[in-house]
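Single-structure report; data block below.
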Amino acid sequence: MFIDILAQKSRLRRVNTVFKICATIILLIIAVTASHYAVGMLLAVLLAVLTIAIGGLRLREYMTALALPLGFLLAGSLALLFELSPQPNGILSVQIFSSWLSISEDSLARATLVASRALGAVSCLICLSLSTPMPALIGALRRMHCPELVIDLMYLIYRYIFILLLIHHDMRLAARSRLGFRDYKTSIRATAAIYTNLLSRSYLFASKNFDAMESRCYDTGIRFLERK
Amino acid sequence: MMDILTLENISYCYDDKRLALDNVSASFRAGERIAILGNNGAGKSTFFQCCNGLLRPSSGKIFYKGALLGRSKRELLALRQGIGLVFQDPDSQIIAGSVESEISFGPMNLRLPQADVAKRVDQALEQMHLDGYAERAPQYLSGGEKKRVTIADILAMQPELIMLDEPTASLDPENVAALERTLAKLSNQGIAIVIATHDVDFAYKVAERALVFAGGKIIADDDICEIFAAESILTAANLKPPLVYEAFKALRSKFNLDLAMPRSIEELCACIERI
Ligand SMILES: Nc1ncnc2c1ncn2[C@@H]1O[C@H](COP(=O)(O)OP(=O)(O)OP(=O)(O)O)[C@@H](O)[C@H]1O
Ligand SMILES: [Mg+2]
């Protein structure tokens, strides 16, 4: 939950969340409708500077958060870059059996535009998630009149991600400390046991958790204090 | 004084084979401090959940402030507002993404105005020595810190009776001492305190009365000094008397003392001074 930890320590955390959501949506629209590749590039640089310089994150942390979406993005644009044609054309061509795999000016322009749009959009979302802890985001969605049920589910899912990760982590450590992963066979067996256990534990956990909510007079709608 | 909570012949079983609670009766008055003692699996947590209306006893009656508890949601809500329960495992109690919102969950459910909720949250944070933790995320807290958050959760609801399941299990000595002070203060305000614990020294210091559970039954309900004096109860429940109690007993038989039984190390030292 790397992103969560970064969001908790960002200095942009205190900026009004509804404002951040609206700004993100507007920038997102600008990014995906841009007709020039410079727009996406500019957005990516600006938002990175914002998150790092004002938010106070490290460049390495920002790049780690961006690495995964960036990987997908590059793989996707590579596919757009090449086109299959019967004769060689464009800037670069490679023969494959009887046809040619080539990069034309057209496909180059298209690939850069799509990549830069996607880069801009991803930067918007990463910037939001690195500056806003999840609970604040959910609270803002409630104020923006998102349905009650969806909000409750979001709170619970957020909490449960950590619980399940924690239980999973602890069980793995416990299995390892008892030499549960010493070779291939025991690893398979330990992993199976851990996941079976995780399932039954999470059932039990959910019912315990609901009891605890009821014991604190939970009726309908999860509500927390939101200070100005 | 009127009883806050009375249980009459309560039984409960999780599965059909064995009774987890077997015909249990007890009652709690305002301002009382009661320890619940007993082995692992004796039925203490089950008892708490019945008192809070989370488990429905298979037989028996519960009276809240003299009125028989029914099945309606309104009655259950009233019961849970008056009787706060701190769970044994903090992780099964915590649901929010920050300490402050976690503590505000109960008061918000009482439908109090924002300003009151904020005041109660601040007060509870201070009582549990959690100043500065308000914005921390519970998933990154230590075991003892989580335990303190769950106690603050219930303090913020200002119940008339607080049930704590193993409150000292993961606390350091300083926080145990702070908890003792908080509980004493609450008890002076007329709030009843019920503590399930394996820490007999803590129980002896904090409580005046004790219920002893064994195999789902209450085998003793008496002044805590009387309980530790009764050899048969101690063996039946595998209990060991507190250190202060044992030490004073040894001193008393040696020096023929006529002093009141000390409750804490400090009081014991004072007794030794007077010999
Ligand atoms: N969810 C459950 N399903 C089935 N049996 C249960 C469940 N919870 C508890 N029990 C059984 O009920 C009995 C009483 O359990 P309980 O949790 O009340 O004990 P306890 O006195 O709180 O013990 P501890 O000191 O270990 O917390 C135990 O024998 C236990 O095995
Ligand atoms: Mg228990």
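Atom set for the values below is all heavy atoms of this structure, side chains included, hydrogens, waters and symmetry mates excluded. Chain identifiers are assigned alphabetically (A, B, ...) following the order of the sequence lines, protein sequences preceding nucleic acid strands; residue numbering begins at 1 within each chain. Quick caveat, the model's predicted, so the values are computed rather than measured.
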Query raised in the report: Is any side-chain heavy atom of Phe87(B) less than 4.5 Å from a side-chain heavy atom of Ser215(A)?
Result: yes

Query raised in the report: Nearest heavy-atom pair of Lys146(B) and Leu166(A): which atoms, and what distance?
Result: NZ-CD2, 4.3 Å

Query raised in the report: What heavy-atom pair brings Ala212(A) and Ser92(B) nearest, and what distance separates the two atoms?
Result: CB-O, 3.4 Å

Query raised in the report: Counting heavy-atom pairs under 4.5 Å to chain A, which of Val117(B), Leu85(B), Asp91(B) comes out on top?
Result: Asp91(B)

**Report entry** Nearest heavy atoms of Gly97(B) and Pro135(A), plus distance in Å
**Finding:** CA-CG, 3.7 Å

Report task. Drop me the distance from Glu214(A)'s CD to Leu77(B)'s CG, to the nearest 0.5 angstrom. Result -> 8.5 Å

**Report entry** Residues in residues 33-72 of chain B near chain A [non-hydrogen atoms, under 4.5 Å]
**Finding:** Gln49(B), Asn52(B), Leu54(B)

Requested in this report: Taking atom OH of Tyr37(A) as the centre, report whether more than 12 heavy atoms of other residues, nucleotides or ligands fall under 6.0 Å from it.
Outcome: no

Query raised in the report: When rounded to the nearest 0.5 angstrom, what distance separates CD1 in Ile95(B) from OH in Tyr160(A)?
Result: 9.0 Å

**Report entry** salt_bridge(Lys208(A), Asp89(B)) N-O dist < 4.0 Å
**Finding:** no

Query - Donor-acceptor contact present, side-chain Arg216(A) to main-chain Met157(B), <3.5 Å - result: no

Query raised in the report: Any Lys/Arg nitrogen of Asp219(A) or Lys73(B) sitting under 4.0 Å from an Asp/Glu carboxylate oxygen of the other?
Result: yes

Report task. Determine which residues belonging to residues 119-131 of chain B lie within contact range of chain A, meaning some heavy atom pair is under 4.5 Å apart, and list them by number or answer 'none'. Result -> Val121(B), Asp122(B)

Query raised in the report: Would you say Phe72(A) has more than 12 foreign heavy atoms packed within less than 6.0 Å of its CZ?
Result: no

Report summary line: Residues of residues 99-113 of chain B with a heavy atom under 4.5 Å from any heavy atom of chain A, in residue-number order, are Glu100(B), Ser101(B), Glu102(B), Ser104(B), Phe105(B), Gly106(B), Met108(B), Asn109(B), Leu110(B), Arg111(B)

Query raised in the report: Can you list the residues that meet the side chain to side chain contact (heavy atoms under 4.5 Å, CB included) rule with Arg14(A), with sequence neighbours excluded?
Result: Glu135(B)

Query raised in the report: Which bit of Tyr218(A) comes within less than 4.5 Å of chain B, counting heavy atoms only: side chain, backbone, both or neither?
Result: both

